[in-house]
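As the structure is a prediction and not an experimental result, all values here were calculated from the model. What you see below is based on every heavy atom in this structure, not just the backbone, and it leaves out hydrogens, waters and symmetry mates.
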Amino acid sequence: MQTIDALDATLRSYLEADQTRQVRRAYYFAEQAHYGQTRRSGEPYVTHPLAVANILAGMHMDHQSLMAAMLHDVIEDTGINKAAIGRQFGEPVAELVDGVSKLTQMEFESLEEKQAENFQKMALAMARDIRVILVKLADRLHNMRTLGVLPTDKARRIARETLDIYAPIAMRLGMNAVRMEFEDLGFSALYPMRARRIEAAVRKARGNRKELVEKIRHQIESTLRQEGHNAEVIGREKHLYSIYQKMRSKNKSFSEIMDIYAFRIIVDSVDTCYRVLGCMHNLYKPVPGEFTDYIAIPKANGYQSLHTVTKGMHGVPIEIQIRTEDMEAMANHGIAAHWLYKSESDQTSGTQRARQWVQSLLELQKNAGSPIEFVEHVKVDLFPEEIYVFTPKGKIMELPAGSTAVDFAYAVHTDVGNHCIACRIDKQLAPLSARLQNGQTIQVVTAPNAQPNPAWLNFVVTGKARSNIRNYLKTQRRSESVELGKRLLNKALSALGKTMEDIDAAHVELVLKETEKETLEDLFEDIGAGNRMAPLMARRLLVANRDTDIDLNSIQDNSRLAIKGTEGLVVSFAKCCSPIPGDPILGHVSSGRGLVIHTENCRNVEEYRDNPEKCVFLSWDKEISSEFTVDLKVYMENRRGIIVDVAAAVNQAEANIEKISVEEQDARLSVTYLSLSVQGRKHLARTIRRLRTIRGVSKIVRIKYPKANQ
């Protein structure tokens with residue numbers, strides 16, 4: 001069993017004597033505070049904080065983190081509060097203990113509001129002091145090591161939480177050793193039979209491979225000695241969960257995964273790394289496209305190494321990683337290695353990357369509409385494979401695999417993302433939805449009046465892009481809903497011969513209280529979004545107005561609401577009848593969608609036409625510059641070149657073809673479906689006249705879709 005004396009000996013190797021004494025004092029304080037408490041295993045409870053401190057000591061963490069580890073359950077499980085810890089051990093330690101205590105009840109089995117709020121607490125605690133999460137990870141690691149004493153259901157729940165959240169966080173912070181142990185322990189708890197089978201297969205394979213592994217290691221070592229390089233060569237074992245994931249995701253058999261031999265070469269300097277790489281490529285034939293330089297371009301979590309795959313004797317694939325001792329420490333301990341490093345530059349690179357990630361968490365939190373949305377964004381960023389692309393000025397940007405130009409634009413700056421309209425990938429124009437590849441140079445084209453498109457949410461990958469698009473659309477939708485709601489309510493009041501000025505402030509307050517709205521703008525937003533009917537709200541606002549003498553049952557529709565076609569998200573055009581300027585139109589007020597515009601003779605609004613609470617009669621504004629989509633069905637001869645004639649006629653009419661498809665009826669006749677962009681009925685009529693002049697065109701019909709396609 002671990003003891004405070006054994007820990008003390010470890011600490012003396014890298015801490016000052018006074019700091020070691022403070023850690024020991026924290027241990028005795030915790031021992032007294034937890035007196036009489038035991039763990040499920042029957043051991044005294046203080047063995048747990050001592051074990052957590054031992055894990056952190058293995059990472060060479062500072063004395064305040066170790067003191068917090070000793071005391072991390074004191075606030076939660078005893079009568080001692082934060083202030084008392086502050087008086088005894090100082091404010092920084094009290095803040096750490098308080099931060100870890102607040103994370104104790106975190107659960108991530110489902111994305112319920114409470115769990116999501118707890119995750120937000122973690123982001124805030126990490127922002128105040130990154131050491132909070134390191135103590136929490138060590139706490140969770142010891143709990144995972146002692147899962148065996150818990151009931152199966154609870155053990156599985158903790159294992160699932162660990163795999164879903166804590167292992168990815170450890171990876172995001174570069175703590176590879178912790179991440180791998182989390183994954184293997186979680187895998188064994190969740191799928192004990194699968195874990196046992198893979199472990200047995202690994203043991204058997206290791207026995208069969210031993211001779212070849214030793215032969216390859218000997219070849220590498222002797223080659224490096226001949227070249228005068230002092231290096232440590234380690235055979236690298238794949239851990240159980242990694243094997244299991246590769247078998248599942250890549251649909252490979254166990255033997256295919258174990259056929260690859262992996263080695264790590266530790267050297268003294270960066271320069272030697274590249275020289276050793278040359279030696280390996282001389283010794284074994286490199287596999288094209290399988291070399292990655294993470295030294296020149298480190299991973300987002302600070303990981304650095306050279307990776308290459310070669311073909312050894314008899315075509316055996318050999319994976320080789322080459323790195324310095326500092327890089328090895330960073331690969332295993334990540335951000336925790338910051339407290340081990342002595343050089344200022346290493347400290348900066350270690351903590352900076354972690355702090356940048358935490359800052360991005362806070363930005364996501366600020367833009368998220370709810371804690372659940374925040375966790376959804378964070379889960380995307382925890383922790384996908386990365387790609388590395390360049391800005392036109394040569395700056396390297398790290399993005400998750402599958403990222404698009406829109407993700408890149410938001411990674412550069414939120415304003416660049418909000419105003420992007422196009423992109424160039426390696427100087428060639430490309431769609432904004434194009435998936436980016438390693439090494440590409442991306443140039444984003446922006447326009448001052450451009451704004452995010454809701455369709456971007458279908459293809460963006462990063463949490464930052466998704467949260468910023470949603471936030472912008474939410475803000476824009478509110479302002480548009482407020483404007484439309486105001487117009488609809490004024491129109492409803494006008495039909496009653498009244499205006500907003502006729503309604504006294506006291507009654508407005510009464511209606512706001514009834515509708516549970518804080519401001520009149522909130523009420524306008526509800527009306528504009530279609531959640532409340534303007535005529536009903538107009539009546540309600542007037543009913544208790546003592547000065548009114550109108551008959552509320554005799555509503556006259558004297559004016560029509562004018563539509564410009566640029567109202568934005570809260571006004572949409574029905575696909576069933578595709579109204580265009582010049583068509584007689586009315587609006588159907590739809591909950592959550594705002595105003596949906598139909599032609600007056602559309603069958604889909606027949607049931608609402610006489611209901612002023614559901615329908616608004618509309619007109620087109622005199623100044624419309626937008627284009628509208630209309631669908632045509634063109635019957636014509638099936639002759640060569642006729643589609644070219646159709647395209648030319650549409651172009652001459654200054655219209656635009658959005659979509660075209662041909663349905664052959666027989667050898668002589670065909671039906672062509674056209675989706676055109678036009679400015680209105682007159683423009684459409686001019687386009688149809690052009691189409692009718694084409695030899696072989698016999699009939700043109702404007703398509704109205706059935707109800708199901710609305």
Whether the side chain of [X] engages the backbone of [Y] through a donor-acceptor N/O pair (distance < 3.5 Å, no angle test) should be reported.
| X | Y | value |
| --- | --- | --- |
| Ser403 | Leu399 | no |
| Asn332 | Glu328 | yes |
| Asp426 | Thr441 | yes |
| Thr462 | Asp407 | no |
| Arg466 | Leu457 | yes |
| Gln304 | Ile295 | yes |
| Lys395 | Phe390 | no |
| Asp8 | Ile4 | no |
| Ser467 | Gly463 | yes |
| Ser13 | Ala9 | no |

Within a radius of less than 6.0 Å around [atom1] of [X], do more than 12 heavy atoms belonging to other residues, nucleotides or ligands occur?
| X | atom1 | answer |
| --- | --- | --- |
| Asp18 | CG | yes |
| His218 | NE2 | no |
| Arg435 | CZ | yes |
| Gln245 | CD | yes |

Any non-hydrogen side-chain atom of [X] less than 4.5 Å from a side-chain atom of [Y]?
| X | Y | value |
| --- | --- | --- |
| Thr404 | Leu432 | no |
| Leu224 | Met280 | yes |
| Cys273 | Thr324 | yes |
| Phe459 | Val406 | yes |
| Thr310 | Thr308 | yes |
| Asn230 | Val267 | no |
| Leu185 | Thr162 | no |
| Ile234 | Ile266 | yes |

Calculate, to the nearest 0.5 Å, the distance between atoms [atom1] and [atom2] belonging to [X] and [Y] respectively.
| X | Y | atom1 | atom2 | result |
| --- | --- | --- | --- | --- |
| Leu190 | Arg156 | CG | CZ | 5.5 Å |
| Tyr261 | Ile318 | OH | CD1 | 9.5 Å |
| Ile198 | Ile243 | CD1 | CD1 | 6.5 Å |
| Leu277 | Asn282 | CG | CG | 10.0 Å |
| Arg157 | Glu161 | CZ | CD | 5.0 Å |
| Glu221 | Gln226 | CD | CD | 12.5 Å |

(message) Parallel, tilted or perpendicular: which one describes the rings of Tyr294 and His307, with boundaries at 30° and 60°?
(response) perpendicular
> Angle class for the Phe182/Tyr166 ring planes (parallel below 30°, perpendicular above 60°, tilted otherwise)?
Replying inline: tilted
- Task: Check the pair Leu163, Glu183 against side chain to side chain contact (heavy atoms under 4.5 Å, CB included), reporting the backbone distance first and the verdict last.
- Result: CA-CA 6 Å; Leu163 289 175; Glu183 289 180 343; 4.2 Å; yes
For the residue pair [X] and [Y], what are the closest heavy atoms and their distance?
| X | Y | result |
| --- | --- | --- |
| Ala69 | Val52 | CB-CG1, 3.8 Å |
| Glu43 | Ser41 | OE1-OG, 3.2 Å |
| Met144 | Ala159 | CE-CA, 4.1 Å |
| Ile216 | Phe263 | CG2-CE1, 3.4 Å |
| Val135 | His72 | CG1-CB, 4.5 Å |
| Val46 | Ala30 | CG2-C, 4.1 Å |

If you measure only the distance, is there a donor-acceptor pair under 3.5 Å linking the side chains of [X] and [Y]?
| X | Y | result |
| --- | --- | --- |
| Arg323 | Tyr303 | yes |
| Arg179 | Asn176 | yes |
| His63 | Thr20 | no |

May I ask you to say whether [X] pairs ionically with [Y], meaning some side-chain N is under 4.0 Å from a carboxylate O?
| X | Y | result |
| --- | --- | --- |
| Glu214 | Arg217 | yes |
| Arg131 | Asp62 | yes |
| Lys215 | Glu211 | no |
| Arg24 | Asp5 | yes |
| Arg145 | Glu181 | yes |

| message | What verdict does the side chain to side chain contact (heavy atoms under 4.5 Å, CB included) test give for His229 and Cys279, after you've listed the backbone C-alpha separation in whole Å, the side-chain angles of each residue and the deciding distance to 0.1 Å? | response | CA-CA 10 Å; His229 298 306; Cys279 293; 3.9 Å; yes
Decide side chain to side chain contact (heavy atoms under 4.5 Å, CB included) for Arg275 and Glu227; before the verdict, give the C-alpha distance in whole Å, the side-chain angles of both, and the deciding distance to 0.1 Å.
CA-CA 9 Å; Arg275 293 178 188 278; Glu227 295 294 328; over 6 Å; no
Take Lys311 and Tyr284 through the side chain to side chain contact (heavy atoms under 4.5 Å, CB included) test and state the conclusion after the steps.
-> CA-CA 6 Å; Lys311 290 281 186 185; Tyr284 303 124; 6.0 Å; no
